[in-house]
Protein chains: 2
Amino acid sequence: MDQQFTMTDDILKRNKLSVTDGRKKILGLFLARDGALAHADIEKFTGEMFDRVTVYRTLQTFVEKGIVHLIPTTDNSILYALCKENCEEGHHHDNHVHFICDVCTKTICLDDVTIPKVKLPKGFTPNHSEMMVNGVCSDCK
Amino acid sequence: MDQQFTMTDDILKRNKLSVTDGRKKILGLFLARDGALAHADIEKFTGEMFDRVTVYRTLQTFVEKGIVHLIPTTDNSILYALCKENCEEGHHHDNHVHFICDVCTKTICLDDVTIPKVKLPKGFTPNHSEMMVNGVCSDCK
DNA sequence: ACTAAATTTGCAATAATGTTGCAACTTTTA
DNA sequence: TAAAAGTTGCAACATTATTGCAAATTTAGT
Ligand SMILES: [Mn+2]
Ligand SMILES: [Mn+2]
Ligand SMILES: [Zn+2]
Ligand SMILES: [Zn+2]
């Protein structure tokens, strides 16, 4: 038998996850896309293919495994994007800036833009930072 | 007649808002507190005093008037905090860092810590930035 | 390849959160 | 003090997310 793995199968196996249709499809969406995805986007792309609950559980699993990371937003929506770094189960290392385009509304990981340190007032100890920049992206300029 | 204004009455009048029990009470909560408040916090503090809808509408009005500003969060909750700056109707100017204490879970406006500029990749134009820092606050250290 | 064990999925029910229209009530204006 | 303007509570509705459990799928062992 021919052991040809697809990229999605490969990632799932590396992370000790069962290779299921739902996970393959959803992971594929992330791989095909440069921007972040919301739960609603995924539902739109997958249609009636899977139950909403499965999408929720798949995203949660991916976050736990360090396959995707959560992106904070200014409205109160939840966004997910592929981890490109050394993220592991239960421990993310994404400390890049996120850019939200005001024109196309895409949210993009600026993987090469590291979040700068800031000087905090006396008594405050930093642990982790998040930074989002709004504006116009390179596609929309 | 004795024209003694309370601080809340004063702020409401300056913003051309009717002085009502709900607005006074909710604004009072913000004035008494150094950290941010979520809708749920306000419901907890006001109890059965007002309808949920009134709390929603009051917060929305305060944001519109520039009395409080929204704070983005890493989970998907919505937080509100008093504007201390020159915020006006429909135009906020709060560009300070927000600190979330991992111990007491309070979110605090670091009014004196300005969000640093970052160098974006070619083609990206910034417009507005948000920054959140997690860690241990001065009370919990 | 076949089967048992482990894992994942869909469904139904439930919860939490937020929005809207409208009539009753309160506040402001004059 | 009365009319006008603005605000509130209620009820209904919408959206988003979570849970338990049985059925289905996937994996691991032979
Ligand atoms: Mn990212
Ligand atoms: Mn603030
Ligand atoms: Zn764009
Ligand atoms: Zn603290």
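So you know, we letter chains A, B, ... as the sequences are listed, proteins then strands, and number each from 1.
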Using C1' atoms of five pairs at each end, report the bend of the helix from C:dA1-D:dT30 to C:dA30-D:dT1 rounded to 10 degrees. 40°

With a 6.0 Å cut-off on the ring centroids, do A:Tyr80 and A:His69 count as close? no

How long is the line joining CG of B:Leu79 and P of C:dG18, in whole Å? 11 Å

Between CG of A:Asp51 and P of D:dA17 the distance, given in whole Å, is 14 Å

In chain order, what residues pass the side chain to side chain contact (heavy atoms under 4.5 Å, CB included) check against B:Asp21, with sequence neighbours excluded? B:Lys24, B:Phe50

Are side-chain heavy atoms of A:Arg52 and A:His39 found at a separation under 4.5 Å? yes

In whole Å, I'd like the distance from the CG atom of A:Leu12 to the C1' atom of C:dT7. 14 Å

Whole-Å distance between D:dT16 P and B:Ile78 CD1? 13 Å

Rest of the hydrophobic cluster containing A:Ile71 (Ile/Leu/Val/Met/Phe/Trp/Tyr, side-chain heavy atoms under 4.5 Å)? A:Leu79

Distance check needed: D:dG6 C1' versus B:Glu64 CD, whole Å only. 14 Å

Using a 4.5 Å cut-off between side-chain heavy atoms of Ile, Leu, Val, Met, Phe, Trp and Tyr, which other residues end up in the same hydrophobic cluster as A:Ile108? A:Val97, A:Phe99, A:Leu110, A:Val113, A:Ile115, A:Val118, A:Leu120, A:Phe124, A:Met131, A:Val133, B:Val97, B:Phe99, B:Ile108, B:Leu110, B:Val113, B:Ile115, B:Val118, B:Leu120, B:Phe124, B:Met131, B:Val133

Those residues at least two apart in sequence (or on a different chain) that pass salt bridge (charged side-chain N to carboxylate O under 4.0 Å, His left out) with B:Asp139 are none

Should A:Lys106 and A:Asp34 count as an ion pair when the cut-off is N to O under 4.0 Å? yes

Sorted by chain and residue number, the side chain to side chain contact (heavy atoms under 4.5 Å, CB included) partners of B:Leu31 (sequence neighbours excluded) come out as B:Met7, B:Thr8, B:Ile11, B:Leu27, B:Leu82

How many whole angstroms separate atom NZ of B:Lys16 from atom C1' of D:dT7? 18 Å

Using a side-chain heavy atom cutoff under 4.5 Å and only I, L, V, M, F, W and Y, what cluster partners does B:Val103 have? B:Val136

Rounded to whole Å, please give me the gap between CG in A:Asn15 and P in C:dT7. 16 Å

A:Thr114: partners by side chain to side chain contact (heavy atoms under 4.5 Å, CB included), with sequence neighbours left out: A:Asn95

Under 3.5 Å, N/O pairs linking protein and nucleotides 18-27 of chain D:
unit_1	atom_1	unit_2	atom_2	d
D:dT27	OP1	A:Val19	N	2.7

Sorted by number, the residues of residues 37-50 of chain A with heavy-atom contact under 4.0 Å to DNA chain C: A:Met49, A:Phe50

Side-chain heavy atoms nearer than 4.5 Å, only ILVMFWY residues, links allowed to pass through others: does that put B:Ile100 and B:Leu70 together? no

Between B:Cys137 and B:Cys101, what is the shortest heavy-atom contact and its length? N-SG, 3.4 Å

Tell me, please, which residues at least two apart from B:Asp102 pass side chain to side chain contact (heavy atoms under 4.5 Å, CB included). A:Asn127, B:Asn134

Each nucleotide N or O in nucleotides 23-25 of chain C that has a protein N or O under 3.5 Å away: list the pair and distance.
none

